[in-house]
Amino acid sequence: MATASVAFKSREDHRKQMELEEARKAGLAPAEVDEDGKEINPHIPQYMSSAPWYLNAERPSLKHQRKWKSDPNYTKSWYDRGAKIYQADKYRKGACENCGAMTHTTKTCMERPRKLGARWTSKNIAPDEKIETFELDYDGKRDRWNGYDAASYAHVIERYEARDEARKKYLKDQQLKKLEEKNNSENVEVSDDEDNEDALKVDEAKVDESKQMDFAKVEKRVRTTGGGSTGTVRNLRIREDTAKYLLNLDVNSAHYDPKTRSMREDPLPDMDPNEKFYAGDNQNRVSGQALEFKQLNIHAWEAFEKGNDVHMQAAPSQAELLYKNYKINKEKLKSKVKETIVEKYGNAASEEVLPRELLLGQSEREVEYDRAGRIIKGQEMALPKSKYEEDVYINNHTSVWGSWWKDHQWGYKCCKQFVRNSYCTGAAGIEAAEAAADLMKANISRKEATEDVIAPTEEKQLATWGTDMPDDLVLDQGKLVESLKKEDQRRREEKDERKRKYNVKWNDEVTAEDMEAYRMKKVHHDDPMKDFL
């Protein structure tokens, strides 16, 4: 309890204070109110609810426990949903090609796709949305109820209260009518009266909970922050039930969302359907009246698109009657077509017995399709879609790049080209490529067949380094003199690098005269006359 004063109290006052606290915790007394008129939870311990002495608190309050430092950047405001800021008269560059708004792109446009976008018509330009940015703190970013208006739920409460009032009034009228009939009828047997009483018996639990069985002995609790408003605590949960997130402990099984407490997929898909009691939240969406209501909505939409004046929310009875007539006419037409086909071609299915493999080819997951391949009953595993664009054909191609593979190269299957981003040539391009390949093969084979044998050329026999001169070798004296001059010039260039020319022509062919000039000019270190050369 939040007490402001710590003054001395007598034993009697202390006892009364403790009894008042116990009554508040039990919900038999209203909770204490702070300075702002807010109720204080009686279960808060005293060391938290008592204000420090230096605050000089005159009345009970919890201000000392609240955050007193406020962040100037944090705002509690939220997005102005559906607000528009500006509407242009003509299309602007960079705007959405579908609706003409500047605040989003064509890919993220939420408007119905037009036959001709605003880019080409410059008509019915959609207004720009109001885009806001807020700086939220750690808790504000993770608050899933941030921006929720609680007043929007008031109409739901009013509807349920009105329904309860109408039910009570109806039950009261039935009781009065029963009493009038009982007083007016004198020659009615007792057994008939008992049957009528059972048929028109009032649900006492819905009319008045305080008069039901022994619950009238329980004290009525006050609506407080510490508890509910009724004196009866009912727990309808069966203790033997297993939580759905404990049915299958495999990490790769159905995903469980702890915030919404939902598990959409079946946690035990391989289990016998007759033995399991829970098959996922999606089972409720595809079974019972939920599927019928879904089909009714789809039929209403399609009928409205085709020109029928029908609306599911404005006239639900009309839409339901129209859907029933549609199903009756559809069944009649289907049976008529079936009878016509059977009468003309016969019924082979009734004559032949299905193979045993087909009869026993069953699966645990039941999915029912119609003739067009749409799902009627059950649900398939949704394949994850890529965030990249798929099946986008460019340059007149009818297949994507990488659909053709030949000779370790990727290409287009439609025209069998290996050049990426090339223009599709179709069947004519394939024929031209095959003709070019055949022509090249024919030219190669013809060239190999008519190729003459190349006559072997006589190679120049050059003197090799380190070999002895043959005895029968005849040297040309003129070439030998030129070789000696070249050798002298080479030796001078080796001694002085400045005499070497910039453009040097190198010849790796060594003739017999060059080899003889090198031997004549070569210095032998073991020659005693080497110093006189």
Side-chain angles (χ1 to χ4, degrees), residues 23 26-31 150-241 261 277-278 281 283-297 299-300 310-328 331:
L28 303 176
S152 62
Y153 195 72
H155 69 281
V156 180
I157 299 176
E158 293 175 358
R159 186 180 63 183
Y160 277 90
E161 290 179 352
R163 189 188 67 176
D164 294 340
E165 292 293 335
R167 188 184 72 247
K168 291 179 181 179
K169 184 178 179 181
Y170 173 76
L171 293 175
K172 189 175 181 180
D173 295 341
Q174 291 293 328
Q175 286 180 338
L176 295 175
K177 185 178 179 181
K178 179 66 180 85
L179 291 174
E180 291 177 359
E181 291 179 356
K182 187 175 182 181
N183 294 331
N184 295 332
S185 60
E186 297 177 354
N187 299 325
V188 181
E189 297 180 359
V190 179
S191 59
D192 297 338
D193 293 339
E194 292 178 355
D195 295 339
N196 294 332
E197 287 178 1
D198 294 338
L200 299 174
K201 189 174 181 180
V202 180
D203 190 358
E204 296 178 355
K206 295 181 180 178
V207 176
D208 191 357
E209 288 186 352
S210 63
K211 297 180 180 179
Q212 183 182 7
M213 294 190 298
D214 296 333
F215 289 115
K217 299 179 181 179
V218 184
E219 287 184 301
K220 194 72 174 176
R221 297 174 66 179
V222 183
R223 186 181 296 276
T224 62
T225 56
S229 61
T230 61
T232 60
V233 180
R234 299 175 183 176
N235 192 353
L236 301 179
R237 178 175 175 266
I238 303 175
R239 309 305 298 180
E240 289 78 11
D241 285 349
R261 298 180 181 179
F277 63 92
Y278 179 74
D281 296 340
Q283 185 68 20
N284 299 329
R285 301 180 181 179
V286 295
S287 61
Q289 296 181 351
L291 186 60
E292 297 178 1
F293 185 72
K294 179 181 177 182
Q295 296 292 338
L296 179 59
N297 276 312
H299 177 264
V310 58
H311 196 277
M312 187 60 197
Q313 282 71 32
S317 301
Q318 178 188 1
E320 186 175 2
L321 181 60
L322 184 63
Y323 183 57
K324 288 182 179 179
N325 295 335
Y326 166 75
K327 289 196 296 184
I328 294 173
E331 291 296 331

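None of these values were measured; they are calculated from a predicted model. Residue indices begin at 1 and follow the sequence shown.
Put simply, CG on L176 and CG on L171 are 11.0 Å apart, with the number rounded to the nearest 0.5 Å. Rounded to the nearest 0.5 Å, atoms CZ (R163) and NZ (K168) are 12.0 Å apart. To the nearest 0.5 Å, the span separating CG on L322 from CG on L296 amounts to 9.5 Å. Distance OH/Y326 to CG/L321: 15.5 Å, rounded to 0.5 Å.
In Y278, the OH atom is crowded: over 12 heavy atoms of neighbouring residues, nucleotides or ligands sit closer than 6.0 Å.
Residues E161 and I157 form a side-chain contact, since some pair of their non-hydrogen atoms from C-beta on lies under 4.5 Å apart. V310 has its side chain out of reach of H299: every pair of non-hydrogen atoms, C-beta onward, lies at least 4.5 Å apart.
Minimum interatomic distance between S185 and E181 (heavy atoms only, all atoms of both residues): OG-O, 2.7 Å. The minimum heavy-atom distance between M312 and A300, with the atom names listed, is CB-CB, 4.3 Å.
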Verdict with supporting geometry, K169 and E165, side-chain contact (heavy atoms from CB on, under 4.5 Å) | CA-CA 6 Å; K169 184 178 179 181; E165 292 293 335; over 6 Å; no

